[in-house]
> 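What follows is a structure written as structure tokens; I'll ask about it next.
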Number of protein chains: 2
Amino acid sequence: MRQRDPNKTTVTIRDVAKTSGFSASTVSIVLNNAPLARYIPPQTKARIQKAAKTLGYHPNVFAKSLRSKRNHTVGVMVFDITDPYCTPILRGIENALYQASYLPILADAHNERGRFERYLEMLLERRIEGLIVLANWLYLDINLLADIERGKIPTVIIGRELESDAISSVIVDDEAGAYSGLSHLYGLGHRKIAFVRGPKALASSKARWRGIQRFAKDTGLELDPRRIVDLPDQRNPNVGVDDGFRMTEELLKRKRPFTALMAYDDMTAFGTLRALAKAGIKVPDHCSVVGFDDINPSQLFVPALTTVRQPMEAMGAAAVVIANDAITATAENRTVGAIHRKLAAELVIRESTRAVP
Amino acid sequence: MRQRDPNKTTVTIRDVAKTSGFSASTVSIVLNNAPLARYIPPQTKARIQKAAKTLGYHPNVFAKSLRSKRNHTVGVMVFDITDPYCTPILRGIENALYQASYLPILADAHNERGRFERYLEMLLERRIEGLIVLANWLYLDINLLADIERGKIPTVIIGRELESDAISSVIVDDEAGAYSGLSHLYGLGHRKIAFVRGPKALASSKARWRGIQRFAKDTGLELDPRRIVDLPDQRNPNVGVDDGFRMTEELLKRKRPFTALMAYDDMTAFGTLRALAKAGIKVPDHCSVVGFDDINPSQLFVPALTTVRQPMEAMGAAAVVIANDAITATAENRTVGAIHRKLAAELVIRESTRAVP
DNA sequence: TTGTTTTATTGAAACGATTCGCTATAATAT
DNA sequence: ATATTATAGCGAATCGTTTCAATAAAACAA
């Protein structure tokens, strides 16, 4: 005969029932403040609550989820947590989830497809209620997301807008951001401006360049191809610096003088700063530099980097709002279409830019 | 009469049982390769496995955990994910957990006590199998951990060694690290060395200073109190830079010349670099600077920072190993004492230090 | 032949919570 | 006095899985 372990460690709802003198049903109703709780007199509630507290009762989420199919958990998949771009977004996600009483399960794909798939599997098994994908600097292909669609799990992707319209997205307005960055340099009197463009395969590269071109057209600024270089396609956030360094040296070698340089992103800009320092070119005295992103180190640098700031915490929070809405919609059996948010970037003027002498 | 939803979406073990023609018990035994599976003929196994695959059966983890009390989940509590010191450790944790097929639930206390407690509660409810606490730059009091002890959840704390011997820890050898950093400067000929010490309340501050003192004693180096300043106690990782800046200015004001400066950590060192630049003092030409930690931006800086590197990924991995051992021990009803690991720091020589002229 | 062991499979009882439907009393209306 | 309704509480089924105990057929031994 199977019998309860007498010296068991977990306290169940039945224990609370026993010590409070009521049934498990009543305890459940009271503790969850279910609709039926309106009939339960206050003193009964008090007795039950006291019993629960003194016993140190914690409802078992597994038992709970087994019935309710809800577990207040969302998956957060990043592609490389090492990337400083990730951190503030993660903070934004975490904070918003906390407000909504969700807990994040963290998965880091290390930019490996296999790992991404394995994690996706694990998250699906765990019946996450929503999924937030942080597609930092990634070449993500779409088929991976078929799985997600199949499972009907509300999904939001940050940093990339997918062609498929089944998945929500939060991105920054790269085009307007680049426009404002260049506008800043132009306003300072710069006309000979060099560009280190992003990898061609990245959507954000294209968008940012569109902003540059639009500004050039609007003002008649000339974009000299000899002052333009491209970052190679195969990158990794931390070699971005090296690439920026190399590309800037390439630019210097071309002997086309420039008084300002716009880098694809802050990491690239750091490489640029290094190359310029090596060449004895002072920033901002001899050359202004503008980055993009405003990752944490940018403000620490000497000189502090002027850059176009992505509202990363806000992006994380926005993703959670979208996910949360979709989750409650699903719970209430409503359907809701994919939502696409594009947040504004903000120019942050620091020490790496100054008026042309 | 309650009846099954005919167009339900989840496929259960009973569905597999039905289509394969065996009972749920058998299916369970086969799919988990339980001990009893040794009696099951291969062709039965094959039939069941095929059925499971074609139906797309994923066992429900909640039902599973409800019985087995295991859920392959550990809580990871950080005190401020924004701190660049966190990221590599998190990576180390994540990676090691992945190897062991665990999934991390991320909690960020934002350095608020209330938030820490709330998260602890949530994690406990979720019946995490282990807890890893990342006590970066925190003033953590012990009572918080009473809860953990009560629940008998294997816990490892990174970055801090607790007096209580019930909780394992992973720390870096701060003393030896500081010793080697100073030794490096000394070897370059520096004798007039300034120090920006860490906040007094931090254990690592004390340990690092012990290393300094030991080196001074070993070599007869004089530690002039007028070249020593202390960081204030109330800090936050990102104002660490400002504090470093202020303290260095204070040092400069004192008119006691120095040819090298050791900062409590890299963040502080960034502040120092800024202050020195402002004063027109070139690094490393006129003054060498050494940091501690080797956070990501340190290598990006111009000049790249010479620093004492904490093996952060390894620390995260070590914490997981300890936690994992404790978890399996608990599962097998063995008891295992707290383990304390102290990892070696490693001097990383970059561009911010050079021999005294 | 009968008895024992091995092989193959299953029913039923948990795990811990929620919830529907039922009962029983008290309060109110007719 | 009886019918009706609001108030309180409980029993039992259910969620999807694992696992123990039981059964039954086959294989083997005596």
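Order of the sequence lines sets the chain letters (A, B, ...), proteins ahead of strands, with each chain counted from 1. Since we're looking at a predicted model, the values are computed, not measured.
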> So, is B:K69 close to the C:dG16 phosphate, meaning a side-chain N or O under 4.0 Å from OP1 or OP2?
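Checking C:dG16 against B:K69, a side-chain N or O does come within under 4.0 Å of OP1 or OP2.
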> For B:H58 and D:dT17, what is the distance between atoms NE2 and P respectively, to the nearest whole Å?
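The distance from NE2 of B:H58 to P of D:dT17 comes to 12 Å, rounded to the nearest Å.
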> Does any donor-acceptor pair link the side chain of B:R67 with the base of C:dA14 at a separation under 3.5 Å?
yes
> With sequence neighbours left out, what residues match B:R38 under salt bridge (charged side-chain N to carboxylate O under 4.0 Å, His left out)?
none
> Which pairs pass side chain to side chain donor-acceptor pair (under 3.5 Å) with one or both residues in residues 20-37 of chain B, sequence neighbours excluded?
B:S23-B:T26, B:S28-B:N32
> Rounded to the nearest angstrom, tell me the gap between atom CZ in A:F62 and atom P in C:dA17.
12 Å
> Which pairs with one or both residues in residues 97-106 of chain A pass salt bridge (Lys or Arg N to Asp or Glu O under 4.0 Å), sequence neighbours excluded?
none
> How many whole angstroms separate atom CG of B:N71 from atom P of C:dG16?
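Distance, rounded to whole Å: 14 Å.
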> Give every pair of a protein N or O atom and an N or O atom of nucleotides 6-10 of chain C that lie under 3.5 Å apart, one pair per line with the distance.
from, atom 1, to, atom 2, distance (Å)
C:dA8, OP2, B:Y39, O, 2.6
C:dA8, O5', B:Y39, O, 3.0
C:dT9, OP2, B:T44, OG1, 3.4
C:dT10, OP2, B:S23, N, 2.8
C:dT10, OP2, B:S23, OG, 3.2
C:dT10, OP2, B:T26, OG1, 2.8

> Would you say C:dA17 has OP1 or OP2 under 4.0 Å from some side-chain N or O of A:N32?
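Answer is no, no contact under 4.0 Å.
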> What salt bridge (Lys or Arg N to Asp or Glu O under 4.0 Å) pairs are there with at least one residue in residues 319-331 of chain B, not counting sequence neighbours?
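For residues 319-331 of chain B: none.
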> Side chains of B:R126 and A:T73: is there a donor and an acceptor less than 3.5 Å apart?
yes
> Any protein N or O atoms within reach of nucleotides 25-27 of chain C? Criterion: under 3.5 Å, listing atom names and distances.
none

> Within this structure, what is the CG-to-C1' distance between A:N60 and C:dT18, rounded to whole angstrom?
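So the two atoms are 13 Å apart, to the nearest Å.
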> Once ring pair (Phe, Tyr, Trp, His ring centres under 6.0 Å) is applied, do any residues pair with B:Y57, and if so which ones, sequence neighbours excluded?
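Listed in chain order: nothing, the list is empty.
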> Can you tell me if the side-chain N/O atoms of B:T10 get under 4.0 Å from OP1 or OP2 in D:dG16?
yes
> How long is the line joining CG of A:L31 and P of C:dG16, in whole Å?
16 Å
> Give a yes or no on whether the backbone of B:S65 and the side-chain of B:N71 come within a donor-acceptor separation of less than 3.5 Å.
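Between the backbone of B:S65 and the side chain of B:N71 there is no qualifying donor-acceptor contact (under 3.5 Å).
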> Rounded to the nearest Å, what distance is computed from the CG atom of residue B:L66 to the P atom of nucleotide C:dG16?
7 Å
> Grab the NZ-P distance between A:K45 and D:dT7 for me, whole Å please.
12 Å
> OP1 or OP2 of D:dT18 less than 4.0 angstrom from a side-chain nitrogen or oxygen of B:K64, does that happen here?
yes
> How many Å lie between CD1 on B:I13 and P on D:dC15, as a whole number?
15 Å
> Kindly write out the residues that satisfy side-chain contact (heavy atoms from CB on, under 4.5 Å) with A:N95, not counting sequence neighbours, or none if the list is empty.
A:Q99, B:H110, B:R115
> Under the side-chain contact (heavy atoms from CB on, under 4.5 Å) test, which residues partner A:S101, sequence neighbours left out?
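Counting only residues at least two positions away or on another chain, A:S101 forms a side-chain contact (heavy atoms from CB on, under 4.5 Å) with A:H72, B:R118.
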> Identify each donor-acceptor pair in which a side-chain atom of residues 46-56 of chain A lies under 3.5 Å from a protein atom, sequence neighbours left out, and give them as a table.
from, atom 1, to, atom 2, distance (Å)
A:T54, OG1, A:K50, O, 3.2
A:T54, OG1, A:A51, O, 3.0

> Is a donor on one side and an acceptor on the other found under 3.5 Å between the side chain of B:D15 and the backbone of B:T12?
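Yes; judged by distance alone, with no hydrogens or angles, the pair exists.
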> Listed by chain and number, what are the salt bridge (charged side-chain N to carboxylate O under 4.0 Å, His left out) partners of B:R70, not counting sequence neighbours?
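Residues passing salt bridge (charged side-chain N to carboxylate O under 4.0 Å, His left out) with B:R70: B:E129.
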> Given D:dT19, is OP1 or OP2 found less than 4.0 Å from the side-chain N or O atoms of B:S28?
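No, B:S28 has no side-chain N/O under 4.0 Å of OP1/OP2 on D:dT19.
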> Under 4.0 Å between a side-chain N or O of A:Y57 and OP1 or OP2 of C:dA17?
yes
> Take the C1' atoms of the five end pairs on each side of the helix from C:dT1-D:dA30 to C:dT30-D:dA1, get both axes, and report the angle to 10 degrees.
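Inter-axis angle at the ends, rounded: 60°.
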